[in-house]
Every structure is written in C-alpha cells, then in structure tokens.
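These notes concern the structure reproduced below.
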Amino acid sequence: MNANTPSPQSVRPIQALPDHLISQIAAGEVVERPSAVVKEVLENALDAGASNIHIRLEEGGVKRIAITDNGRGIPPEQLPLAVARHATSKISSLTELENVATLGFRGEALASIASVSLLTLTTRTADAAHAWQIENGQISPASGAPGTTVDVQDLYYNTPARRKFLKSEQTEFGHCAEVVRRIALARPDVSFSLSHNGKAVDHWNVSAIDKRSAQILGENFAGARLPLDESAGPLRLHGFVGLPTASKGRADAQFFYVNGRFVRDKLLTHAVRAAYQDVLHGDRYPSYVLALDLDPALVDVNVHPSKIEVRFRDSRAVHQFVFHAVQRALAQTSATAFGTVPAPATAASATAVLAGKTMPWVAGEQGSFAKEFAAASPYAGSTPGYTGAGSSYPAAWPRPAAQGGISQNLARYGALFQAPETAAVSEPHPATLPARELPADENPLGFALAQLHGVYVLAQNTKGLVLVDMHAAHERILYEQLKNALDEDSMPVQALLIPVTFYADTIEVATVEEHQHTLKTLGFDMTAISPTTLAVRAVPALLKNADAQSLARDVLRDVREFGGSRVLIDRRNELLGTLACHTAVRANRSLTIPEMNALLRQMEQTERADQCNHGRPTWVQLGLQDLDKMFLRGQ
C-alpha cells in the first residue's frame, strides 16, 4: 500500500473539499466525454439567441473543441461569473426553476469544463467596441465579431485516469457529430457547420423542418414520412413519423424533443412504439422526428445532470396523448383520398356485408365478390362491377358528377376492364386507348387492369401504375374489421350448419370450459362433447370460410398460454392478426376485374391499409415519370 494512502482504519475529520476538487467531481457528471462539452456549449449558444453556429473539432474533440456563435455575447464585467460554479442568468428563484424555458440553467457547465481542460472564452456584445477574453481567470481585450467563442483544449489533461476511458478518435467524433445532428434537427431556424481536423463535415443552412429533417435523416426518410400536428389542451405534438418502410434495424433514427430539448424518455418511447404495433414488424424500429410542447410547469427537466431525462406531472395523460396522436397519423394512409382519415368499418357494416349468402374471395364464388362488398361500400354505384345502390360519400370526398360517369370513362378501355370469365378477350388497337386519361375524380388507387401470377393486382391511377399484394391487403382489411367489431363488443357470429368436431387433449378441453366468456367475446361457440372431443358450433362471421378447426386451435393455444383477460387486452392484436391471415385471399386465387376493384375500394376505406399487420407494404406506386425513365422516353 502506498505510504500516502490512508488505511481503512484511519479516521479523518469531516472537512470541506477544495473548490477545484468540487468542480472536478461535478465535471464527472456533466462532462463525461467530448460530446457532453459540445452539447452544453451549443445549448448556451442557442439560449443566447444565436442564428449561426460553427463547431470545430480536433482529434474527436479531445484535443480541441471550438464553438463560435453570433449570439448576444457576455459583458466583460460578467466574465468571471460565467466560469464560476452555480452562476447563471437563466434562473434566480425556485419558481423559475420549476418553469425552466431555456436549454441550460444549472450554471455549472463552463465551470466544470474549465476544471478539466484549458478553457478560453472570447465574447463581444453588440454595443461593445471590441471583444474580451478570459483565460485562467485573467480578463484581457481581444478581437472578435459579436457573439461568443468557447475554445476547449486538451480535455482531461489534468485527470489522465478519465482520459484513459475515452474511445478511439472516430468513436468520440461520432458521438459529437450525433449531438450536433440532434440539436440541428430541433432548430432549423439556425444554421450549423461542423468540421473535424480542418475538414468540413456538415453544413445546414436555415430552412424549414421538412428540409432539415430530410438533410439529416436522408431522402429515404423524406420519401416515407407522414406529417403530424395535434393539440389537446396545453399539449402540442408536431413533426414527422416515418412509415413502416422507413423502419430500421436499430433505434438510431428516433428523435423526440420536449420543449426543444432532446430527450430519451421511456414513457414517450413506449407511447410511440405502441402506436406502431399494428404496422411494424417486432424486430424493427420506427423512425420519427417529434416535438412535444407543453407548459414548462408540467414537466421537470431537472431530473438528470445531462438533462436527457424528464418527468411529467401527469405522465399518463402525456402517454395517451402521444399514443393516440401518432396512431391517428399512421391511420392516414396514402390510399386515402385527399389525405383524409378513413372512417373505420363498423360492426354494422360488416354485418351488412355478411347478410348475403356468399362471402367474397372464396373459391367458386368469384362472381359474387363485387356484389357483396357493394352493400357496405361508399363507392357503390360508382365503380365498375358494382351493382348495389349508391350510398353517401364521406363529407371530405367529392361525389362523382354522375352515377355512371366513371363507368362511361372506363368503357373507353375496351376489353382491358372486362372480367375474363364473361368477356371475350380482344387486342385493342393502340389508337383506341386514350393517352394518360382518367376521370378527374378518380380514386387514389385507381382501377384494376389485370392480375399478375395470381399474387398481385395491377391497377392504373392518374399517377401511373399501382401494384397491390392482394393477400397482404385483404389481411389488413379483415384485421381492421375484426378489431373494430371487438372494440364495439359486437362481433358478428356465424352458426355452423354442421358443427366441426376434432380430437382435443385434456388441457384444450379444460381451456374451453374455463374460458367460455373469452371465446364468446371473440365470436366462437365451442363445447366439449366428450373428454377428448371438442365441437365448434359458431365462428366469427368475418372468418366463416376459414378452416374452423385451425381457427379454434389457434385461439385455444393463445388462451391457454396467456389467459383469457390477457388475450383480450395485451395479446388481442396478435391473435386477430393470426385469425385474419387464415381467411385472407391466398396466392394463385383468380380474381375478376370487379373483385379486384372492390379490393381497391376497401383498401381506400381501411385505416393503415398501406401495410399488412406484419409491417409489410400492401401496395406500391410506379409514377409515369418512373416508367418513362425505365424506357428512356424523352431522352
């Protein structure tokens, strides 16, 4: 043992620590790595009203961090306090601490940085004749434009043990660059430039948030995002949520801000994740840029030294607001006309569809598909193949000028729009096809042309060509109908003329007897007719054409594993997704043109129809420009 090290048995009197040691201890909380220095200085620059900030780094920020802004600057008489511990201009009372409206407020950032580095602060106010500089506690005149430059050199030079814990130069620079990206994303009204070892890395001019987010998160996110702006009382959530196609294998494109401050809050992350559960595969992470604005008195930002965690006064209300706002944004599918949110299909409409003798998309019943869906569709009477009476359109969608207007326009396309079972196929002369012409009130997904390999529906709209995965699309439609029926506690039930019986083990029989209420809520009527035999007497009407035995076994497996109440709450969506998959139209199932058009119309009515419940896209758009580019037209 070193002679200077006190033994555990030695007793020392309680004494006050030296100020310098106190600052170094505080630096351990505030300045954990170079990126923490960048964050603190950038926040001070923004609080000072800067509109232009330049960040220069050397050796990942370990050798040097120099940040220059054009903010208000610091008067020379206040410079000694600027680098003193717990000195700040941002709060002066407990009331102001509980209503913090600035990014920095603790008054210890510069003091902590100065205790573990060589700090030079150069600043000039707008009315000053020249700049002033403080270094090692000495103030002297200097040259410089209005604003402030914080120059931090040789970080941890006097605490070598801490320096050993830093990572490689590129890793530390990556952390610094990430901090700059986060702050730049929150403040598109400020220009930022970043250089490393004398080389320019990033530069963002003042721009709108949509352009700034595209620059930072990339064009892939820009092309697959939905705008969001909702308010409720003192809460406002705005920004962009990425479509499932913009999801990633890592959670590195998730940016959430509370009153302009980047946070990693478990409550907010859970709320957003829950909103994505219906459209995102389990091992993927959504991409989003969201900002929550609320009264500073309703949130405590003084929870963590790095201010990256917050605490809400009413966390449940915030969680529910964020969850429902994001969920509604994701419900605004690209298939929805004019960007309006489609009204969910109700149990009553589902019952109306089921009132007929046949069910669509079932082998041998192709001819009845369009007729059955016409009964519940707001597009009835305006789509080729529909024979039901036209019903009222949603208020936000314009009604066709004439009931037969679309049909008359479609007649121009000749045999292309005739069902192969009923129409003779002919080769239309190219001159008979109007060039790029569709009705002005054409539906977003257009109208069907053909079926490809029994898997995809080809349709034409005003933008170009639409490709639809018919199984994935139908699965989403059924899934949403099942969810809505269960939400309304009015699941339509179809009694079976002849009960389906199958062998069951003792546990399955016990599950049926113990969870009758859960099974009836889900639309199943099952009873035990012997110690080893179960009978299925009724199934959900939406699934009446699926294999009753397979449906029953899937339901019993989930109920047995998770319990009745959890199946109806926590596991409900997973179970309904499995049931919908059983009934959705399969590959190599031949559809007629009216059936394909009915599928497109149902997609336009269904929330979240852009993805199946596994997170895969249900349709894609190929624009005319894309097609022209493929064939080198105009080049």
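- Here the straight-line distance linking atom CG of L522 with atom CG of D525 works out to 12.5 Å at 0.5 Å rounding.
- Closest non-hydrogen pair, A535 versus I529, comes out as CB-CG2, 4.0 Å.
- Using a distance-only test at 3.5 Å, with no hydrogens or angles considered, no donor-acceptor pair links the side chain of D558 to the main chain of V555.
- Between R557 and E561 there is no salt bridge, since no side-chain nitrogen of the basic residue lies less than 4.0 Å from a carboxylate oxygen of the acidic one.
- Scanning both residues, A271 and V322, for their nearest heavy atoms gives CB-CG1, 3.9 Å.
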Check residues 449-459 and write down every donor-acceptor pair under 3.5 Å in which the side-chain atom is one partner and the other belongs to a residue at least two apart or another chain.
unit_1: Q451; atom_1: OE1; unit_2: L591; atom_2: N; d: 2.9
unit_1: Q451; atom_1: NE2; unit_2: R589; atom_2: O; d: 2.7

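- In summary, the side chains of W619 and D610 do present a donor paired with an acceptor at a separation below 3.5 Å, with no hydrogens or angles considered.
- Closest approach of L228 to L237, counting heavy atoms only: CD2-O, 3.1 Å.
- Put simply, CG on L330 and CG on L243 are 7.5 Å apart, with the number rounded to the nearest 0.5 Å.
- Between D487 and K483 there is no salt bridge, since no side-chain nitrogen of the basic residue lies less than 4.0 Å from a carboxylate oxygen of the acidic one.
- Taken from OG1 in T618 to CG in D469, the straight-line distance is 7.5 Å, to the nearest 0.5 Å.
- In this structure, a donor-acceptor pair under 3.5 Å is present between the side chains of Q621 and N461.
- Side-chain contact check for L551 versus L543: some heavy-atom pair is nearer than 4.5 Å.
- Looking at L292 and F256, their side chains come closer than 4.5 Å, going by heavy atoms from C-beta outward.
- Defined by atom type and a distance below 3.5 Å, a donor-acceptor pair is present between the side-chain atoms of R537 and T527.
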What donor-acceptor contacts under 3.5 angstrom involve side-chain atoms of residues 496-511, with partners at least two apart or in another chain?
unit_1: D505; atom_1: OD1; unit_2: I507; atom_2: N; d: 3.2
unit_1: D505; atom_1: OD1; unit_2: E508; atom_2: N; d: 2.7
unit_1: E508; atom_1: OE1; unit_2: D505; atom_2: N; d: 3.2
unit_1: E508; atom_1: OE1; unit_2: R553; atom_2: NH1; d: 3.3
unit_1: E508; atom_1: OE2; unit_2: R553; atom_2: NH1; d: 3.1
unit_1: T511; atom_1: OG1; unit_2: I507; atom_2: O; d: 2.8

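- Side-chain contact check for P540 versus Q494: every heavy-atom pair is 4.5 Å or farther apart.
- A salt bridge between E230 and R236 is absent, with no side-chain N of the basic residue lying under 4.0 Å from a carboxylate O of the acidic one.
- Salt bridge D628/R633: present, at least one basic N to carboxylate O contact under 4.0 Å.
- Geometrically, R273 engages Y285 in a cation-pi contact defined by less than 6.0 Å to the ring centre and at most 45° from the axis.
- A side-chain donor-acceptor contact under 3.5 Å links T592 to the backbone of E595.
- A 6.0 Å sphere centred on CD of Q625 holds no more than 12 heavy atoms belonging to other residues, nucleotides or ligands.
- In terms of heavy atoms, C612 sits closest to E475 at CB-OE1, 4.5 Å.
- Heavy-atom minimum distance, Y276 versus S287: OH-O, 3.6 Å.
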Tell me which donor-acceptor pairs under 3.5 Å the side chains of residues 215-227 have, and how far apart each pair is, sequence neighbours excluded?
unit_1: R225; atom_1: NH1; unit_2: D210; atom_2: O; d: 3.0
unit_1: R225; atom_1: NH1; unit_2: S213; atom_2: OG; d: 2.7
unit_1: R225; atom_1: NH2; unit_2: D210; atom_2: O; d: 3.2

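- Side-chain contact, S247 with R284: a donor N or O sits under 3.5 Å from an acceptor N or O.
- Remark: L445 CG to Q460 CD distance equals 13.0 Å, nearest 0.5 Å.
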